[in-house]
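Per chain, numbering begins at 1; letters A, B, ... match sequence-line order. Excluded from the calculations below are hydrogen atoms, water molecules and symmetry mates; all remaining heavy atoms, backbone and side chain alike, are included.
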Amino acid sequence: DTGVSQDPRHKITKRGQNVTFRCDPISEHNRLYWYRQTLGQGPEFLTYFQNEAQLEKSRLLSDRFSAERPKGSFSTLEIQRTEQGDSAMYLCASSLGGQGGGYTFGSGTRLTVV
Amino acid sequence: GQNIDQPTEMTATEGAIVQINCTYQTSGFNGLFWYQQHAGEAPTFLSYNVLDGLEEKGRFSSFLSRSKGYSYLLLKELQMKDSASYLCAVPYSGAGSYQLTFGKGTKLSVIP
């Protein structure tokens, strides 16, 4: 297992376009998280899946954002009608069981909206 | 609500010891995490404290005082590769929640 994989690593898009990111968690991890991080800030929680069920969503996740985790494996995060304020690093993480072991983060997708 | 405070930046000399502090306010405590994040890379897990006291892992140690809402990360024998941001995080206290609230991070620069 190579850890948490995210694709693409970088994405530049024009304002108003839709973008989709993919995350492949560690295979035995049942929990998957999406976070957003801007320069000089810590990661901010967006949403959380346990298996295929989306159990938590942040107020940061406006109706332009949607996330899925079909079959409890990989996950996608889609942003519709992108805005310049969406420019950030989008981090995916996965974990197994309790919180004591912490998350394993992927390398992130850096989104730039121009 | 939850709030986490960390110093924004610190500088220390190679071979020295540095202590990075974190204070937090949370309505229900479920432990505290420290993560390391090199520029442009993903955060990596360093430690998890749920009980008071010091936990040591090689050159890195983490301390927690629940009564004071305070933690610190202690880095010994600093190396240049320790230059990174160090993030303090606490789990959200809501029932059944697994989200983490992160501080803004402390950017540590190790100089020769």
### Message
Measuring from atom CG of B:L32 to atom SG of B:C22, what distance do you get when rounded to the nearest 0.5 angstrom?
### Response
5.0 Å
### Query
Quick one: CG on A:L91 to OH on A:Y33, what's the gap to the nearest 0.5 Å?
14.0 Å
### Query
At a heavy-atom separation under 4.5 Å, does A:E44 approach chain B through its side chain, its backbone, both, or neither?
neither
### Query
Do any of residues 103-112 of chain B have a heavy atom less than 4.5 Å from a heavy atom of chain A, and if so, which, in residue order?
B:G103, B:K104
Taking atom [atom1] of [X] as the centre, report whether more than 12 heavy atoms of other residues, nucleotides or ligands fall under 6.0 Å from it.
{"X": "B:E77", "atom1": "CD", "answer": "no"}
{"X": "A:R15", "atom1": "CZ", "answer": "no"}
{"X": "A:E68", "atom1": "CD", "answer": "no"}

### Task
Look at the rings of B:Y72 and B:F63 and say which category their plane angle falls in: under 30° parallel, 30 to 60° tilted, over 60° perpendicular.
parallel
### Task
Please look at B:Q6 and chain A and tell me whether the side chain, the backbone, both or neither of the residue comes under 4.5 angstrom of a heavy atom of that chain.
neither
### Ring center gap for B:F33 and A:Y103 short of 6.0 angstrom
no
